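To start, the structure under review is shown below, and the notes come after it.
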Amino acid sequence: MTTKTYDGSAATQEMETEHHYEELDKIWLEERSLTNSLAQPLRGLLGFFLSFGFFMALWYVTMDPRGILQWYTPMYGYMYIRWLLIVAIWQAYIFNFWPFKQKWMEETHPLVKGPIMIGINWAITGAIIWIGFFWLIGKYSIPYFSWPELHKVGMTDFFAREYAGLAVLMVAAIASWLAPIWPMAFENYPWHKLTQPAKGFTVLSLTSLLTIFVYFIFMHPHYMVLFYPWQKFAAAMPWWYESAKTLSGNYNVGWIMCGTIAVWLIETIWERYPFRLIKSQPWRGLAGFAWVLFVALIMFNTFNLMQDLAWGPAYEGGKRLYAPDWRYLHSGELAVMMLLPALVLYFYFDNWPKKFSTEVNLAIRTIIVVVGTFAFNFIYYQISPPLLGTQPGYSHPQQFPMAPVILWIVIMLYHNWFMDGWPGKRIKKDK
Amino acid sequence: MAEDFSRRSFIKGASLGVAAGYFAAAGLSSTALYKQVMPAEKLNQTDIGEVKALRMKVISETSWYDNNVLLNDLKGAGGLLVNQYTIPWTSNGVAAGYNGNNAGGFATYIEADLMDGSTKRILLDTGWNPAWMEKRFIEEGVAEKLAKKQIDYWIISHEHFDHYWGLEATLKYNPNQDVYVPKGFYTEGFDLLKGKAFPKAQVKNDFPHKGKVHVMDSSKVNPLFPGAALMTFDMPIICRVFGEQAFVFNVKDKGIVLVTGCCHMGIITYMETVRKKIKGGEKIYAVQGGLHISPFEDWDPQYDDLILALNKYGIQKIGANHCTGFIAVEKMISAKLPVVTGTKRNMTKRDIYLGNGDTLAV
């Protein structure tokens, strides 16, 4: 993260008003110094269209219903997309690119290290899904985590794959909310002094443990009612029913997605403001976590309200646009649509502006992202059917805008985390 | 000390800000403030008149015979978003099928007795497999009525293969029959009507349509005759289909009767729309047809929401079949909903459905 300012030494104390806090731990992405190879807006546009082009190619090969592998059925393909994302976060934020040395990362050409990193990303994703979930957990513990096991116990092959896909992707969705909070808000406290891979495995273990708790409380009850008859001995009745007016776990999916997006809005366009003003850990981390929750709930409630205003209230038992659970899910989808312009601004347009006070910079970026969200939302629903092979309309039980949008985000992460934003940017060799 | 003060101040300020902000936002979307922000509900009810009586005979609710075969066709083609005209559907070797063909079809024949003593005859949909549909049309006297031009309205609920592709069974007997389709039909649907074949999907029409085609608008209630109207719902549906229309009848001294093909819009959404747009729409007497809850015997917690909510509408009769799903009907029976059972014949698999050859009279 090159946009933040740091201190940490006595020599910079006099700059207290500018440099607010001591950071315990920095990942390589924060220390990496990039220089622009091209001037703006050419560099931004080049990066934007490059990432879009690769996204379209990958979408066509893997997901598009008219394409080659046709995995967007939709849960099966969406499952892979969510795991590509969390594995990329682990690679960059939790393991700090271990086992690769910083020197190697700095000196290796993006066209060499990019494919290696992406290859690792894909291999880990495949291993987790097929070995970890389908074979290990699904076979020896909970069948709904496994496509083959669900099929074996009598479910049609198609829905076995879809149900297992939903369960497996939800683990990744929760992990992608919780995992980055530790390096981002807590700066890996209290393990900041550990070296890799000990630090990575420690933070991974902790965030995975939290993910398991959150999954079983907020998602497992969904599976109590998903099967017939209700699995009342294996899972609790969805406890959110009275307040959410739905038994569906989409209620939780919605706000958890908002939480995930809140993390990345805070990390990118908001520069960890305002909790970075707290000087020491763990208070900074706790405040950061509270801030994430706060922003998530504001987003969730606001998006729910906007939908009610646009389409009228949902009905209990309604379907499509009027299904309460779809409304919650769509709030999560709208949040994801908000992240896209934020990352475009952050990665490709240098997180503009930077010349004003922090508060003004953040306010202007927020306005840009909100406007960008509305623009992207409008464009998405106009052009996605011919472009992505989806169907027109907002609510369709077999399609989720989250999937293509997150895949594009994954491509942006590959481009900027694994390949230094090449060719628009390159690492400063004289650093 | 300064650090402690800063931390305390921040936590205090942040806590207050977070709490105030959250309750403001939560309040906006839930309680008193929500009502201030949301516009009041507007009813725009159309008086469609009344019919004296109604009889709905299920010609065929068995759209396909083996769920696994159908789902494997869909999975092999690339999932539920794939264009139905490009899917190589299994048409032989299915043990449970009709002459080995997994394709069946959906169609309902409706007679409405008007207040003036006359009767209107309606054919809703035309199935999938022309051989099966023709057999059922002959057995139930629909073929004869088509040939004698006694069918007043031929309504296509939506463009799905199992409701529309058996059109040869209708057009063979009367190619001049006017047809009413919902807004949202794709070009392929109109081309098929005109006689185009789609070999990959094994669908053709050797009896090109010569009657009028009425495309029904989704922005308003579409009255057919006194006591009957069609309502069209805009929405994307699996296999790249868009839009569905369904019937609203107002039966004297009984109330509203809803007759559907598949009800992809959802029965609750359908009833809520009728409540807002049809005079007397708050009193739903009966619902008949496919309710599209668990068509593949799959499940989703959203479907439980629907079953739980259905009990609040005071429906007197539910004649469910086709895409409703056996699981859904079992749950309706458990929830003590007034399910009208059938006779389990003509290839209908269970008597909890209003099955092939069964009639619901109101």
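Just so it is clear, the structure is predicted and the values come from calculations on it, not from any experiment. All chains are named by letter (A, B, ...) in the order of the sequence lines, taking the proteins before the strands, and each is independently numbered beginning at 1.
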Worksheet entry | Trace of the salt bridge (Lys or Arg N to Asp or Glu O under 4.0 Å) decision for B:Asp305 with A:Lys245 | CA-CA 8 Å; B:Asp305 295 346; A:Lys245 304 298 178 198; over 6 Å; no
Fill in: Residue-level contacts of residues 153-162 of chain A with chain B, using a heavy-atom cutoff under 4.5 Å
A:Thr156, A:Asp157, A:Phe158, A:Phe159, A:Arg161
Worksheet item: Taking atom types as modelled and ignoring hydrogens, do the side chains of A:Tyr80 and A:Tyr76 form a donor-acceptor contact shorter than 3.5 angstrom?
Response: yes
Worksheet item: Which bit of B:Lys276 is near chain A, if near means a heavy-atom gap under 4.5 Å: side chain, backbone, both or neither?
Response: side chain
Response to the item:
Honestly, the part of B:Ile238 sitting under 4.5 Å from a heavy atom of chain A is both
Item to complete: Select one option (side chain, backbone, both, neither) describing which atoms of B:Met38 are under 4.5 Å from chain A's heavy atoms.
Response: both
Practice prompt. Would you kindly say whether B:Thr90 and B:Asn102 are connected by a side-chain donor-acceptor distance under 3.5 Å?
Written response: no
Discussion item. Counting only non-hydrogen atoms closer than 4.5 Å, does A:Pro313 touch chain B with its backbone (N, CA, C, O), its side chain (CB onward), both, or neither?
Written reply: both
Discussion item. Shorter than 4.5 Å, heavy atoms on both sides: which option in A:Gln399, A:Lys319, A:Arg66 has the most such pairs with chain B?
Written reply: A:Lys319
Discussion item. For the interface with chain B, which of A:Gly318, A:Ser395, A:Pro385 has the highest count of heavy-atom pairs at distances below 4.5 Å?
Written reply: A:Gly318
Fill in: Residue part contacting chain B, namely of A:Trp230, when any heavy atom lies under 4.5 Å
side chain
Discussion item. Tell me whether the rings of A:His330 and A:Trp326 are parallel (<30°), tilted (30 to 60°) or perpendicular (>60°).
Written reply: parallel
Discussion item. Among A:Pro397, A:Gly393, A:Pro392, which residue has the highest count of heavy-atom pairs closer than 4.5 Å to chain B?
Written reply: A:Pro392
Worksheet item: Does NZ or CZ of A:Arg284 come closer than 6.0 Å to the centre of the six-membered ring of A:Phe186, within 45° of the ring's axis?
Response: no
Worksheet item: Which answer fits B:Asn72, side chain, backbone, both or neither, if we ask what part of it has an atom under 4.5 Å from a heavy atom of chain A?
Response: side chain
Worksheet item: Under the 3.5 angstrom rule, does the side chain of B:Thr86 hit a backbone N or O of B:Asn83 as a donor-acceptor pair?
Response: yes
Discussion item. Please classify the contact between B:Ile237 and chain A as side chain, backbone, both or neither, with a heavy-atom cut-off of under 4.5 Å.
Written reply: both
Worksheet item: Which bit of A:Tyr223 comes within less than 4.5 Å of chain B, counting heavy atoms only: side chain, backbone, both or neither?
Response: neither
Worksheet item: Among A:Phe300, A:Trp255, A:Phe303, whose ring pair (Phe, Tyr, Trp, His ring centres under 6.0 Å) with A:Tyr328 holds?
Response: A:Phe300
Discussion item. Between B:Lys277 and B:Glu272, does any side-chain N to carboxylate O distance fall below 4.0 Å?
Written reply: no
Discussion item. Looking only at heavy atoms and a cut-off of under 4.5 Å, which of A:Thr390, A:Leu226, A:Leu286 has the most pairs with chain B?
Written reply: A:Leu226
Worksheet item: Charged N to carboxylate O below 4.0 Å: is that the case for A:Arg327 and A:Asp308?
Response: yes
